[in-house]
Amino acid sequence: MNIGLFGYGKMGQMIEQIAQDRGHSIVAKIDVETEEVDYKKIDIAIDFSTPDAAFNNITTCFEQNIPVISGTTGWLSNYDKAVRICNEKNGAFIYASNFSLGVNVFFELNSYLAKMMSNLNQYKIEMEEIHHTQKLDAPSGTAITLADGIVENTEYTGWELDKSDEKKIPITSKREGSVPGTHSISYNSMVDSIEIKHTAHGRQGFALGAVIAAEWIQGKTGVFSMKDVLNLN
Ligand SMILES: NC(=O)C1=CN([C@@H]2O[C@H](COP(=O)(O)OP(=O)(O)OC[C@H]3O[C@@H](n4cnc5c(N)ncnc54)[C@H](OP(=O)(O)O)[C@@H]3O)[C@@H](O)[C@H]2O)C=CC1
Ligand SMILES: O=C(O)C1=N[C@H](C(=O)O)C[C@H](O)C1
């Protein structure tokens, strides 16, 4: 595949390595200073840019009939609009807050645990995410997806960064050194605690998942998720 990288930062560079190892070519590296893009050369766009840039990158690719894999977080207020444009253009799109295969299994585990805990009111939930100090958004996109999985299966109505509303899942966001991404959810009662945790050891897992998604979406039209790619449905 001829891949166009939208965003050539920490993730863009990791994806370049992994994509090349799997026999793909990087035909464009687009970042904030790029003035002209030759879209004709690009079979698929992989966007790991910034919350401000993602929507425009993604929808420009739809206009050019290029399928898009996006891992950028912090732009989701425009997600429904992007989906609409993708469908209007008969395009192909996957957004995932986290492309790592392990985290996508962790999402399923989180939903299953939330369902089991939903009638045990003596347990109070807490979520923590830890990332490197360069991260622009908080809470992480992954933490938001985890919170959505809990809301779907319990009486919680949403999430909040500061603990105040009993009906909301309290999320603590920590920014420390170069931590690639750690997410934990705990259920605490007076007598015990249950905790599930995912720890990324680097960015390879995110990048590999994004390249696998790009390979999978070739020749398809529609809006998909990593659940489809990994057959976790
Ligand atoms: N879904 C997932 O699995 C994962 C998602 N992420 C998310 O991916 C995004 C990128 O992460 P990361 O690579 O660590 O961040 P970086 O800051 O290292 O890279 C972002 C890059 O985007 C560039 N950029 C800025 N504006 C534009 C633009 N208009 N078009 C294209 N590129 C632009 C930046 O350039 P400049 O520096 O010059 O501004 C920078 O090179 C974040 O939102 C992060 O949360 C990260 C890891 C995994
Ligand atoms: O910015 C990052 O680094 C990461 N961002 C994603 C998120 O916001 O969840 C995924 C991963 O945790 C790394």
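Just follow the structure's listing: the first ligand is 1, and inside any ligand the first atom is 1. Side chains are part of it too, since the values below use all heavy atoms of this structure and drop only hydrogens, waters and symmetry mates.
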*Asks:* Is any side-chain N of the basic residue among Asp31 and Lys29 closer than 4.0 Å to the acidic one's carboxylate O?
*Replies:*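 No, no charged N to carboxylate O under 4.0 Å.
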
*Asks:* Would you tell me which option among Thr60, Val32, Ile30, Leu136 has the nearest heavy-atom contact to atom 24 (N) of ligand 1?
*Replies:*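 The nearest heavy atom belongs to Val32.
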
*Asks:* For ligand 1, which part of Asn57 has a heavy atom less than 4.0 Å away: the side chain, the backbone, both, or neither?
*Replies:* side chain

*Asks:* For the 3.5 Å polar cut-off, considering only N or O atoms, please tell me whether Phe99 and ligand 1 meet it.
*Replies:*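 Min N/O separation from ligand 1 is below 3.5 Å for Phe99.
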
*Asks:* Can you list the ligand 2 atoms lying under 4.0 Å from a non-hydrogen atom of Phe206?
*Replies:*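 It comes down to these atoms of ligand 2: 11 (C), 13 (C).
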
*Asks:* Could you tell me whether Pro180 approaches ligand 2 through its side chain, its backbone, both or neither, with non-hydrogen atoms closer than 4.0 Å?
*Replies:* backbone

*Asks:* Give the residue, atom name and distance (to 0.1 Å) of the protein heavy atom nearest atom 47 (C) of ligand 1.
*Replies:* Met11 CG, 3.5 Å

*Asks:* For Glu33, which part has a heavy atom under 4.0 Å from ligand 1: side chain, backbone, both, or neither?
*Replies:* neither

*Asks:* Report the nearest protein non-hydrogen atom to atom 8 (O) of ligand 2: residue, atom name, distance rounded to 0.1 Å.
*Replies:*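 So the nearest neighbour among protein heavy atoms is Lys135 NZ, 2.7 Å.
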
*Asks:* Indicate, as side chain, backbone, both or neither, the part of His183 found under 4.0 angstrom from ligand 2 when only non-hydrogen atoms are considered.
*Replies:*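 Answer for His183: side chain.
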
*Asks:* Using a 4.0 Å cutoff against the non-hydrogen atoms of Ser97, which atoms of ligand 2 qualify?
*Replies:*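 Every atom of ligand 2 under 4.0 Å from some heavy atom of Ser97: 6 (C), 7 (C), 9 (O), 10 (C).
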
*Asks:* Counting only heavy atoms, which portion of His131 has something under 4.0 Å from ligand 2: side chain, backbone, both, or neither?
*Replies:* side chain

*Asks:* On the 0 to 90° scale, with breaks at 30° and 60°, tag the His198-Phe106 ring pair as parallel, tilted or perpendicular.
*Replies:*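 The rings of His198 and Phe106 sit tilted, inter-plane angle from 30° to 60°.
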
*Asks:* Is it true that Lys167 and Glu155 make a salt bridge, defined as a side-chain N closer than 4.0 Å to a carboxylate O?
*Replies:* no

*Asks:* Under 4.0 Å, counting heavy atoms only: does Pro139 come that close to any atom of ligand 2?
*Replies:*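 The answer is no, since Pro139 has no heavy atom less than 4.0 Å from ligand 2.
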
*Asks:* Do other residues, nucleotides or ligands put more than 12 heavy atoms under 6.0 Å from the NZ atom of Lys81?
*Replies:* no

*Asks:* Give the atom numbers and elements of ligand 2 that come within less than 4.0 Å of a heavy atom of His132.
*Replies:* 1 (O), 2 (C), 3 (O)

*Asks:* Check each atom of ligand 2 against the heavy atoms of Thr142 and keep those under 4.0 Å away; list them by number with element.
*Replies:*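 The atoms of ligand 2 under 4.0 Å from a heavy atom of Thr142 are 7 (C), 9 (O), 10 (C), 12 (O).
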
*Asks:* Between Ser97 and ligand 1, which part of the residue brings a heavy atom under 4.0 Å of the ligand: side chain, backbone, both or neither?
*Replies:*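 The backbone, only.
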
*Asks:* Which of the numbered atoms in ligand 2 are under 4.0 angstrom from any heavy atom belonging to Asn98?
*Replies:*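 In order of number, 10 (C), 11 (C), 12 (O).
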
*Asks:* Heavy-atom contacts under 4.0 Å between Ser140 and ligand 2: side chain, backbone, both, or neither?
*Replies:*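 Both backbone and side chain.
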
*Asks:* Test your reading of the structure: does Asp31 have an N or O sitting under 3.5 Å from an N or O of ligand 1?
*Replies:*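 No; the residue has no nitrogen or oxygen that sits under 3.5 Å from a nitrogen or oxygen of the ligand.
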
*Asks:* With the threshold set strictly below 4.0 angstrom, can you tell me whether any protein non-hydrogen atom sits that near atom 19 (O) of ligand 1?
*Replies:* yes

*Asks:* Pick from Thr72, Asp47, Thr50: which one makes a side-chain hydrogen bond (donor to acceptor under 3.5 Å, both in side chains) with Asn57?
*Replies:* Asp47

*Asks:* Crowded around Lys174 NZ? As in, over 12 foreign heavy atoms under 6.0 Å?
*Replies:* no

*Asks:* Which ligand 2 atoms, with their elements, are less than 4.0 angstrom from a heavy-atom of Gly141?
*Replies:*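 Here the atoms of ligand 2 in question are 7 (C), 8 (O), 9 (O).
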
*Asks:* Going by the closest heavy atom to atom 25 (C) of ligand 1, which one wins out of Thr50, Asp47, Val37?
*Replies:* Thr50

*Asks:* Taking Tyr39's backbone N and O only, do any of them form a donor-acceptor pair with Gln64's side chain (distance below 3.5 Å, no angle check)?
*Replies:*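 Side chain of Gln64 to backbone of Tyr39: no pair is present.
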
